Undergrad: 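Shown below is the structure under consideration.
For the numbers below, each heavy atom of this structure counts, side chains included, while hydrogens, waters and symmetry mates do not. In each ligand, atom 1 is the first atom listed, and ligand 1 is the first ligand listed. Residues: numbered from 1 along the sequence shown. The structure displayed is predicted, hence computed values, not measured ones.
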Amino acid sequence: MNTFRADLHCHTTCSDGSLSPEQIVRLAVENGLSGLSITDHDTIAAYTTAIPVAKELGLKLLTGVEFSAEHKNTSIHVLAYGFSLTNVLIQDFCDQHTLRRRERNQTILTLLKKEGISISEQELHAEYGPSSKGKSWGRPHIAQAMVKKGFVKSVEEAFRKFIGDGKCAYAPGKTFSVAETIELIHAANGFAVLAHPMLIDKRSVAHDLLNLPFDGIEAYYAKISIERQLHWKRIAEEQGMMITGGSDFHGQLKPNIPLGCSWVNEERFNELMKDDD
Ligand code: AMP
Ligand code: ZN
Ligand code: FE
Ligand code: FE
């Protein structure tokens, strides 16, 4: 029996996960995975430390990143896989996102202040490290700080009342369209995959996205009913697109979702892996 399993979606401390790149590689091996793609939000910084550890432990690493994008005023995540880490287009795009996030986070903190919620950049810096090249805070960090200081009871409440899409203290800042994100991934010789389509609220937006030149759809996604996963698997098959899957593991930031709880088999993993060294 082939026991190869690869989780193609997870986050480290380089974005909003709670484990370091080294810790996540070690956990992947402990959880019995043979392959992994680290897909931090808008950064590939994790690979610098993840690669040597994965090599040492015999874990196959597929390059990946989860880009933030927008389509018809809806926030959409686009996964990129199989590109070279030295590709300047990908590196430059990640740098642009880091800048976008830094400016956007400042605006969010200003908007929160107007709501009587005072959180400073220094506090976030002290708790989560500096927001610098290759590493930037996200809304989950701000939400956690709001919980810690007693402004809200939960991260969920922070998003629902203040910083969720369209809420009073949310500012998207500069945005990149899904179409231009896919174009960039293709120019960088990578695969573009629509992340967790089942989380897109507006059905019309989800189906409109299928007209864009995605290479694959993330049909296997933790915590979603098997019926809904199979629905998206069928759509991928109808569209002639690849089928991918992953846990979207964040560690403490999203407890109850273990690394490896969604995965793909060896055949699907190798489709995305360009060279096999
Ligand atoms: P950002 O990338 O900084 O804009 O933050 C978006 C991230 O926040 C998403 O990738 C989710 O992981 C997380 N998120 C979005 N909505 C919620 C919510 N209602 N509760 C908890 N986390 C959320
Ligand atoms: Zn996240
Ligand atoms: Fe996502
Ligand atoms: Fe994710």
Undergrad: Quick one: does Arg139 get an N or O within less than 3.5 Å of an N or O on ligand 1?
TA: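 So ligand 1 has an N or O lying under 3.5 Å from an N or O of Arg139.
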
Undergrad: Restricting to N/O/S atoms, is Asp16 within less than 2.8 Å of the Zn ion (ligand 2) or not?
TA: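 Yes - counting backbone and side chain alike, Asp16 has an N, O or S atom under 2.8 Å.
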
Undergrad: Can you check which of Gly17, Gly164, Pro140, Ala195 brings a heavy atom nearest to atom 7 (C) of ligand 1?
TA: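 Answer by nearest heavy atom: Pro140.
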
Undergrad: Ligand 1 versus Arg104, non-hydrogen atoms closer than 4.0 Å: side chain, backbone, both, neither?
TA: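 For Arg104, the contact with ligand 1 is made by the side chain alone.
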
Undergrad: Can you name the N, O or S atom of Glu66 that is closest to the Fe ion (ligand 3)?
TA: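 Per the distance ranking, Glu66 contributes OE2 as its closest N/O/S atom to the Fe ion (ligand 3).
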
Undergrad: Under 6.0 Å between ring centres: does that hold for Phe151 and Phe162?
TA: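 Between Phe162 and Phe151, which both carry aromatic rings, the centre distance is not below 6.0 Å.
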
Undergrad: Please check if any side-chain donor atom of Asp16 sits under 3.5 Å from a side-chain acceptor atom of His250, or the reverse.
TA: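 Yes, His250 and Asp16 have a side-chain donor paired with an acceptor closer than 3.5 Å.
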
Undergrad: Between Ile217 and Phe67, is there shared hydrophobic-cluster membership here, with clusters defined by ILVMFWY side-chain heavy atoms closer than 4.5 Å?
TA: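 The answer is yes; both residues are in one hydrophobic cluster.
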
Undergrad: Does NZ or CZ of Lys223 lie under 6.0 Å from the centre of the six-membered ring of Tyr221, at an angle within 45° of the ring axis?
TA: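 Here Lys223 fails the 6.0 Å and 45° test against Tyr221.
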
Undergrad: Specify side chain, backbone, both or neither for His77, according to which of its non-hydrogen atoms lie closer than 4.0 Å to ligand 1.
TA: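 Side chain only; the backbone of His77 stays clear of ligand 1.
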
Undergrad: Is there an N/O/S atom in His9 that lies less than 2.8 Å from the Fe ion (ligand 3)?
TA: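 Coordinating: no.
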
Undergrad: Does one side chain, of His11 or Glu66, offer a donor that lies under 3.5 Å from an acceptor on the other?
TA: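 Result is yes, a qualifying pair exists.
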
Undergrad: Atom 10 (O) of ligand 1: which of Lys167, His11, His41, Arg101 has the nearest heavy atom?
TA: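 Ranked by closest heavy atom to atom 10 (O) of ligand 1, first place is His41.
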
Undergrad: Working to 10°, measure the angle at the Fe ion (ligand 3) formed by atom NE2 of His196 and atom ND1 of His77.
TA: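 That angle works out to 110° after rounding to 10°.
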
Undergrad: What I want to know is whether Glu156 and ligand 1 share at least one N or O pair that is separated by under 3.5 angstrom.
TA: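 No, no N or O pair falls under 3.5 Å.
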
Undergrad: Test of geometry: compute the angle NE2(His41)-the Zn ion (ligand 2)-NE2(His250) and round it to 10°.
TA: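 That angle is 140°.
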
Undergrad: Hey, does Ser68 come in under 3.5 Å of ligand 1, counting only N/O atoms on both sides?
TA: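 No, Ser68 has no N/O under 3.5 Å of an N/O on ligand 1.
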
